[in-house]
Amino acid sequence: MKLTIIGTGYVGLVTGTCFAEVGHHVTCVDNDAGKVKLLREGGIPIYEPGLEELVKKNVAAGRLKFTESTAEGVRNSDVIFIAVPTPPQPDGSVDLSFIERVARDIASAMTEYKSPVFKSTVPVKTGEKVAETIKRYCKAVVEFDVVSNPEFLREGFAVGDLMKPDRVVIGVRSQRPVAAMREIYEPFKAPIIVTDINSAELIKHAANSFLALKISYINAIAVLCEAAHANVQEVAHGIGLDERIGRRFLNAGIGFGGSCFPKDLSAFIKIAEQIGYDFRLLKEVQRINGEQMERFVKKITDTLWVFEGQKIGVLGLAFKQNTDDVRMSPAIDLCHRLQKEGATLRVHDPKAMDKAKAVLSNVTYVDDMNDVGRDCDALVIATEWDEFKNLDLDRAKKALTHPIMFDGRNLFDGAEMEKRGWVYKSVGR
Ligand SMILES: NC(=O)c1ccc[n+]([C@@H]2O[C@H](COP(=O)([O-])OP(=O)(O)OC[C@H]3O[C@@H](n4cnc5c(N)ncnc54)[C@H](O)[C@@H]3O)[C@@H](O)[C@H]2O)c1
């Protein structure tokens with residue numbers, strides 16, 4: 001099928017590429033001229049494992065192309081996916097101006113029946129507003145159907161998640177666009193759930209809030225474990241084997257971040273408030289998450305004592321492993337907090353250093369993870385990159401003024417670290 005994606009970012013580019021990979025002909029639109037130029041020249045604006053090869057393959061096969069023109073995208077396809085940002089506003093509600101802009105652009109380019117499909121995460125009832133907006137700004141007399149198709153991909157695993165989704169949610173007001181949506185997703189062989197639009201929009205916020213809740217739950221358990229001299233990883237394993245609970249998202253650490261969980265959580269709290277429900281459970285999830293970072297910083301300051309003049313090596317800047325995304329990254333937040341305490345930082349991330357440079361200054365960026373600890377007073381693990389487990393611990397030990405590690409992601413075995421002569425502090429163990 002011929003498909004258009006408006007917004008060629010972490011969601012739009014991976015979605016468009018995976019649609020092309022299964023044989024659809026995809027036009028990706030973005031109003032960032034630099035991004036479109038880069039993509040046309042064969043560059044990739046984000047790091048996502050496996051993406052670069054797939055983009056190149058599908059561009060070469062003539063199934064994937066890039067443009068700045070929404071009108072061209074609307075002309076090229078009857079189904080137009082929208083994957084533009086929905087950032088948070090200071091009060092926690094969602095800034096829907098990008099969505100409104102695209103709705104107007106689509107409306108003014110429509111000359112025949114179209115289905116604008118939302119992949120962006122939007123508050124419940126946004127579909128209704130978008131339909132009103134399109135009706136208002138469309139000069140031609142044409143029919144259209146707004147569809148909600150929330151995206152559940154995880155950055156760092158996005159290609160796999162898109163090629164093999166757990167489920168596809170399609171929210172509609174009429175049955176007319178359902179056949180086309182089923183045809184688009186048929187090659188992915190995933191369960192397809194067709195709902196009303198409001199339910200589809202709610203599914204996305206409810207899913208992300210639940211995952212955030214799981215993380216805060218295990219972080220709260222980690223506090224208990226520290227006080228009771230128990231091990232949170234063993235507790236997580238013990239409860240996670242229960243199929244009703246599941247082991248995933250039960251990793252204690254310095255809390256969740258990224259461009260989705262914090263904003264989707266505050267949006268859901270705000271949406272609930274507007275509908276007349278005080279979502280205290282989710283407010284507590286937020287509070288636990290904030291406290292988790294504070295507790296970790298305190299662990300560092302309590303150990304290192306006077307921070308002025310101390311040098312700290314930080315491993316990890318991305319908000320999680322396998323991505324270069326540093327939006328709302330707990331690792332960046334941690335760096336800022338350590339700087340505020342007076343520490344000087346040497347930092348490393350396998351993929352996120354370029355993007356980090358825009359938000360983290362006055363630090364030394366180090367290319368080799370094994371060189372981060374040079375002349376430092378402590379090492380901090382801030383992101384759960386797998387390769388950090390291969391850190392040359394003997395070299396790091398010699399490079400540091402004293403072998404102290406604060407492991408915010410529980411990557412190492414505490415007993416083993418102590419046997420090797422480290423002062424080792426992790427989370428909930
Ligand atoms: N990143 C994730 O893991 C993830 C997962 C699921 C859902 N989402 C949701 O998907 C949406 C997009 O997120 P993202 O991370 O891909 O954002 P992003 O910032 O990486 O990408 C958005 C793109 O849209 C472009 N854009 C903005 N306005 C435009 C316009 N008027 N016309 C054309 N292009 C325009 C931007 O230039 C940018 O390239 C958000 O609502 C987000 O909550 C994100």
Side-chain angles (χ1 to χ4, degrees), residues 4-18 27-39 43-49 51 66-74 80-89 93-109 116-123 126 130 133 137 148-162 165-166 168-169 200-201 203-205 207-209 211-212 256-268 318-329 355 358:
T4 289
I5 318 274
I6 301 180
T8 309
Y10 282 91
V11 169
L13 180 58
V14 189
T15 305
T17 306
C18 291
T27 305
C28 283
V29 181
D30 206 286
N31 65 355
D32 178 339
K35 197 175 265 190
V36 172
K37 184 168 178 283
L38 178 74
L39 283 160
I44 304 287
I46 56 169
Y47 171 72
E48 192 59 49
L51 181 64
F66 306 99
T67 175
E68 277 171 66
S69 164
T70 300
E72 184 187 332
V74 173
I80 302 145
F81 289 86
I82 297 155
V84 296
T86 47
Q89 309 207 83
S93 63
V94 182
D95 174 359
L96 290 168
S97 59
F98 293 87
I99 297 283
E100 200 259 359
R101 177 77 257 162
V102 172
R104 282 203 215 188
D105 290 347
I106 292 174
S108 57
V117 180
F118 285 90
K119 278 230 160 270
S120 297
T121 303
V122 294
T126 299
V130 167
T133 306
Y137 289 96
S148 169
N149 173 218
E151 182 48 62
F152 301 98
L153 66 81
R154 295 163 300 161
E155 283 179 31
F157 305 90
V159 171
D161 286 350
L162 267 154
D166 289 339
V168 173
V169 175
E201 290 166 341
I203 285 170
K204 174 63 190 175
H205 272 121
N208 266 10
S209 299
L211 294 172
F256 58 77
S259 70
C260 290
F261 281 4
K263 94 167 160 74
D264 291 350
L265 202 56
S266 43
F268 207 29
F319 85 95
K320 64 176 198 177
Q321 79 278 38
N322 290 350
T323 181
D324 62 348
D325 196 349
V326 296
R327 292 178 288 179
M328 303 272 295
S329 168
K355 293 217 161 107

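One-based numbering, in listed order, for ligands and for the atoms of each.
Judged purely by distance below 3.5 Å, without hydrogens or angles, the side chains of Thr86 and Lys263 pair a donor atom with an acceptor atom.
The distance from the CG atom of Leu13 to the CG atom of Leu39 is 5.5 Å, given to the nearest 0.5 Å.
Using a 4.0 Å cut-off between charged nitrogen and carboxylate oxygen, Glu155 and Arg327 count as a salt-bridge pair.
Closer than 4.0 angstrom to ligand 1 sit non-hydrogen atoms from Ile6, Gly7, Thr8, Gly9, Tyr10, Val11, Asp30, Asn31, Asp32, Lys35, Ala83, Val84, Pro85, Thr86, Phe98, Arg101, Val102, Ser120, Thr121, Glu151, Leu153, Glu155, Lys204, Ser259, Cys260, Lys263, Arg327.
Closest non-hydrogen pair, Asp264 versus Lys204, comes out as OD2-CE, 4.2 Å.
Between Phe256 and Phe261, the ring planes lie perpendicular to each other; the angle is over 60°, past the 30° to 60° tilted range.
Residues that satisfy the side chain to side chain contact (heavy atoms under 4.5 Å, CB included) test with Asp32, not counting sequence neighbours, are Asp30, Lys35.
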